[in-house]
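Below is one structure, written out as structure tokens; the observations come after it.
Here is the naming used below: chain letters follow the sequence lines, and residue numbers restart at 1 for every chain.
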Amino acid sequence: MTDYKSTLNLPATQFAMRANLSQREPEILKRWYQENYYQQIRQAREGREQFILHDGPPYANGEIHIGHAVNKILKDIIIKSKTLSGFDAPYVPGWDCHGLPIEHNVEKKVGKVGLKVDQATFRKKCREYAAKQVEQQKEGFIRLGILGDWQHPYLTMDFNTEANIVRGLGKIVENGHLVKGFKPVYWSVVGSSALAEAEVEYRDKTSFSIDVKFALRDEADFEKRVGQFGGHGSISVVIWTTTPWTLPVNQAVSLNPNLEYLLLQSGEERLVVAEALMESVAERCDLQELQRLASFPGKALEHLQLKHPFYEKTVPVILGEHVTTDAGTGCVHTAPDHGADDFAVGAKYGIGTLNYVDENGVYSERVETFAGEHVYKVEPKIIALLESRGALLHQEKFVHSYPHCWRTKSPLIFRATPQWFISMTEKSLLAKVTAAVDDIRWVPTWGEARIRSMLESSPDWCVSRQRTWGVPITLFVHRESQELHPDTPALIEKVAQLIEKKGMEAWFELEPQSVLGSDSEHYQKVTDTLDVWFDSGVTHFSVLQQREELRCPADLYLEGSDQHRGWFQSSLKTAMAMYGNAPYKQVLTHGFAMDAEGKKMSKSLGNTVAPQKVMNELGGDVLRLWVAATDFSGDMNVSEEILKRTADSYRRIRNTVRYLLSNLSGFSPQQHSLPFDELLSIDQWVLDRCARLQSEIIAHYNDYSFHQIYQKIHNYCVVDLGGFYLDIVKDRLYTMSKNSRGRRSAQTAQYAIVEALVRWVAPILSFTADEAWREIPGDRSLPVFASEWFDLPKLSAGAELDDGFWQYVAKVKTAVNRVLERRRGEGDIGNSLTAEVTLICSDEHYSQLQRLGDELRFILITSKAELQRESGNNVGEATDIPGITVQLVKSQQRKCVRCWHFREDVGTHSEHPEICERCVKNVTGDGERREFV
RNA sequence: CACUUUGUAGCUCAGUCGGGUAGAGCAGUCGAUAAAUUAUCGAUUAGUCGCAGGUUCGAUUCCUGCCAAAGUAGCCA
């Protein structure tokens, strides 16, 4: 018996079936960086149209988590796909390095600034800490397969970035958007510092709840306003407060202009409260037998003079829309020093702040009676004083949620302090920003509504912080007038140049006379630092405009949907303030990673998925595939099961690539490729199908629907290739002689398919694509990532056997498979080659199927397949295609040991008694001929 | 509590701009194969389209309410 197996062309490849990604990927990465892939790509795209995706800087603190991974992988997919589309798409990663969380962590190590360490040392430690965090995160990102300029990332703490942040501020000052103002901000009396919003958490607090009477100064004036009324006793406006300590700072009582108010007789006195709240006030204060004496709108009392409950001073009634009927009395005690609404409404009436409470929460000397008292301890005394003055209507304890310092857990106060603001109104910045939203493409579209609603309620942006680790606000203000130095722009540039050399420490060390000369005695250095959101917000200037390979506006900003409030907004506002243009053309947002039930991940629930763990167990490409496969416009669910399914899909795609490669062993595209016209019909079709799919995939890359790409590629591998084309063509590849037209035709097709497929997959399965790339025959001196989409031939419009025909054939195959399966279940046949089928067809089907000549059996993978026209006495088993029935018999022929088909011609050739005629030709002669399949 | 987004088979996604028994792949199940072999091929089970109402001849698709999850803001005198 001859060993015919050696005459077959069985698949062979170096490309391993088992990915073993967790080990292989780090090796692949080594090559990327040894061979400078990023630089190679830049070179390959030099001079091409740019696509600029600007990296939103992650905060330099902590290990990377799944959210980081999602964000960076999406960016990487976009960068790589744009590159495949021919764009020059550089990726400069960045980090946000200043700010509070770093201060906290450093403080834990070295102690408090001013107590254990001086400011300069503290900042140095912060810088070192941030640098370490950057290195750690960088390593994590690189491991994810993100390609970028990791040797030259941007850090907001780079000296030149710091200098340009300062210059950015200078631009904004120059354009008149920066204003100095007072504003009540969250203030920690324990930390004696302002707090950023992010440092505030809400906790329950028990407060005093008191109702306080403000007596009328002039009853006659009141009567003029509200008309005649009766009753007897003193007349007071009643306010309700939960912060008695703010009463010494009271400067007004606010009423809603449009609410109805009542004058009520209550026992021996008369009280003013809002009509809508009368009952709740009566109940709380246990007021009996109230009588309505008069009714009037709030606006009637504007400027009415009231007596302060315990000071000899007069406070006015003022009007504000912030007064509601949710709670209280409808009359609001107003202390502009200690409430945002109070501050705003006070400003309207020219009522400023008093600054009675110092940074430690202690009343200043100017405060009568309570000077030197701490606001947290003074309340019982105030209440006692009110009581003795007869001004207290009611008191009780009250539990409500209240802002606390996240670190010390102590309750915060609002305290008006001088701060720097980027004004939304001074130079109509908000209007300009809102208008700019129109010209930006928001993906998904609801992002636009989101940013709009954020902008609508956008107050002036407080950019100053009383912090240590932040870019300084490099301004000089006049000691008396508080005005900015007239040469501010020039001074800022001078300072920026110093910062460029020595970092922001240059400002803190600066002796004013060195830049101001003799002016210095009149001017004061501002020591506040900038809100970190300013640092990152201004990167369109400090990074995009500075780096040669980038430009502003960027084509795309891409961050999680929380950044509508954050970076998207801060970038837009600063760019508009600086040069009146938006910093980006498109904004893409993604949802957050959630667990299998769509719940937030938290350590306490134990439902977190650590990217590091996924890397080690399943590999980076599986994580990347999960990101690509998930619709990122909503929440993105991850769990063990989901990742396991993803790994299954990964394997299928990998195996398809591997099989295609294995069929190309010994194939040289230059020498062996056939022109498209000479390919067998099914090979032409599969390429055509591939080309059409490729256009769909490119379109999906362009509109960022990666999950569709995943679905389509996977489906293509499973359905078109595995379940149809590759299964059918296997016979031809294996059994026909090496250099036959039939085999070269299949190889030509499959070669083009891998070329295309590996590129499709490269932005997503980057490691695998890179690994496969070097197994494809041909020149691979450039990385896949530097290549462009593979050019695929298409069937001409009037092609004989078009896509419709082949889809029809696939349907027939499925119908016949069902019959085969049924009969196999009955034990009549084994595999499909043990069967011989006759399709009994209507005229229509007959004329369709006879176009394949006697090659139909290779489609059906049966040993014999014949067509017969329908006639009355000639029917087979029904199929689900009307007009086709099947007669199926188990073949009685001998099995060809070479091709496994059962053929009557096995043994006709005396020298090869075990094989069929076709195989004899393929082994000894010039081979069989195929046209279609 | 408000606003926004999401809710289709165990998983990932289609789809329905009102109409005919709701689609695909994976997973599961059964079978084939041992020439993609910890692969591959075939067949096949599976969904009251979040819940409840309404409009309509007819709704998963339109409207309203509710529930769940997420994001953001606020929780103030």
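- For the pair A:R565 and B:A73, the criterion of a side-chain N or O lying under 4.0 Å from OP1 or OP2 is met.
- Here B:C11 sits opposite B:G25 as a Watson-Crick or G-U wobble pair (both hydrogen-bonding atom distances under 3.5 Å).
- Figure legend. B:C76 is base-paired to no nucleotide; pairs are counted as Watson-Crick or G-U wobble with both atom distances under 3.5 Å.
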Quiz item: Passes ring-ring contact (aromatic ring centres under 6.0 Å, His included), A:Y716 versus A:W760? Steps please.
Solution: CA-CA 12 Å; A:Y716 180 64; A:W760 299 345; 5.7 Å; yes
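- The pairing partner recorded for B:C30 is B:G42, the criterion being a Watson-Crick or G-U wobble arrangement whose two distances lie under 3.5 angstrom.
- Checking the phosphate oxygens (OP1, OP2) of B:C11, no side-chain nitrogen or oxygen of A:K644 falls inside 4.0 Å.
- The residues A:R452 and A:E456 are annotated as not salt-bridged, no charged nitrogen and carboxylate oxygen being separated by less than 4.0 angstrom.
- Classification of the A:Y701-A:F706 ring pair by plane angle, with boundaries at 30° and 60°, yields tilted.
- At the heavy-atom level, A:A449 lies nowhere under 4.0 Å from the strands shown.
- If you check every strand for non-hydrogen atoms under 4.0 Å, A:F592 touches sugar and phosphate atoms only.
- When heavy atoms are screened at a 4.0 angstrom cut-off, A:G723 is found touching the sugar-phosphate backbone but no base atom.
- Look at A:H707 and you'll find a side-chain N or O under 4.0 angstrom from OP1 or OP2 of B:A14.
- Nearest-nucleotide assignment on RNA chain B puts the 5′-proximal partner with A:G830, out of A:G830 and A:N817.
- The phosphate of B:A36 (OP1 or OP2) has no side-chain N or O of A:R651 nearer than 4.0 angstrom.
- In this structure, A:S662 does not reach the B:A36 phosphate: none of its side-chain N or O atoms is under 4.0 Å from OP1 or OP2.
- Between A:Q708 and B:A14 there is a side-chain N or O to OP1 or OP2 distance below 4.0 Å.
- Across all strands shown, B:C3 forms a Watson-Crick or G-U wobble pair with B:G71, both key distances being under 3.5 Å.
- Between the base of B:U12 and the side chain of A:Q711 there is a donor-acceptor pair shorter than 3.5 Å.
- When Watson-Crick and G-U wobble pairs are counted only if both distances are under 3.5 Å, B:U37 pairs with no nucleotide at all.
- Put simply, A:K600 has a side-chain N or O that comes within less than 4.0 Å of OP1 or OP2 on B:G71.
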Exercise. Before giving the answer on side-chain contact (heavy atoms from CB on, under 4.5 Å), spell out for A:V609 and A:L643 the whole-Å C-alpha distance, their side-chain angles and the decisive distance to 0.1 Å.
Key: CA-CA 10 Å; A:V609 174; A:L643 287 168; 4.0 Å; yes
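- A:E836 and A:S891 share a side-chain donor-acceptor pair at under 3.5 Å.
- For A:R24 against A:R18, the heavy-atom pair with the smallest separation is NH2-O, 3.2 Å.
- In this structure, the OH atom of A:Y716 is 16 Å from the P atom of B:G25, given to the nearest Å.
- Among the protein residues, A:T814 comes within range of the sugar-phosphate backbone only, with heavy atoms under 4.0 Å from sugar or phosphate atoms but none that close to a base.
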Practice problem: Go through A:R645 and A:E640 one step at a time and tell me if the salt bridge (charged side-chain N to carboxylate O under 4.0 Å, His left out) criterion holds. | Solution: CA-CA 9 Å; A:R645 292 289 90 85; A:E640 296 244 334; over 6 Å; no
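- Phosphate proximity of B:A36 to A:K730: present, with a side-chain N or O under 4.0 Å from OP1 or OP2.
- At whole-Å resolution of the value, CD1 in A:I709 and C1' in B:A24 are 17 Å apart.
- Between B:A35 and A:R898, no contact under 4.0 Å exists linking OP1 or OP2 to a side-chain N or O.
- The phosphate of B:U33 (OP1 or OP2) has no side-chain N or O of A:R824 nearer than 4.0 angstrom.
- Computed from coordinates, the A:F858 CZ to B:C41 P distance equals 20 Å when rounded to whole Å.
- In this structure, the CG atom of A:L726 is 17 Å from the P atom of B:A39, given to the nearest Å.
- Applying the 4.0 Å criterion to OP1 and OP2 of B:A36, one finds that A:Y734 has a side-chain N or O inside that range.
- Within 4.0 Å of A:R450, counting heavy atoms only, lies at least one base atom of the nucleic acid.
- The nucleotide B:C51 finds its pairing partner in B:G65, both defining distances of the Watson-Crick or G-U wobble pair being shorter than 3.5 Å.
- Separating the CG atom of A:D720 from the P atom of B:G25 is a distance of 11 Å, rounded to the nearest angstrom.
- Both A:R18 and A:W240 lie close to RNA chain B; mapped to their nearest nucleotides by heavy-atom distance, the more 5′-ward contact belongs to A:R18.
- Looking at A:Y710 and A:T630, their side chains never bring a donor and an acceptor atom within 3.5 Å of each other.
- Across the strands present, B:C57 finds its partner in B:G19; the criterion is a Watson-Crick or G-U wobble pair with both atom distances under 3.5 angstrom.
- The nearest whole Å value for the distance from the CG atom in A:N831 to the P atom in B:A35 is 12 Å.
- Across the protein-nucleic acid pair, A:D635 atom CG and B:A69 atom C1' stand 7 Å apart, rounded to whole Å.
- Between A:Q563 atom CD and B:A73 atom P there is a gap of 11 Å when expressed in whole angstrom units.
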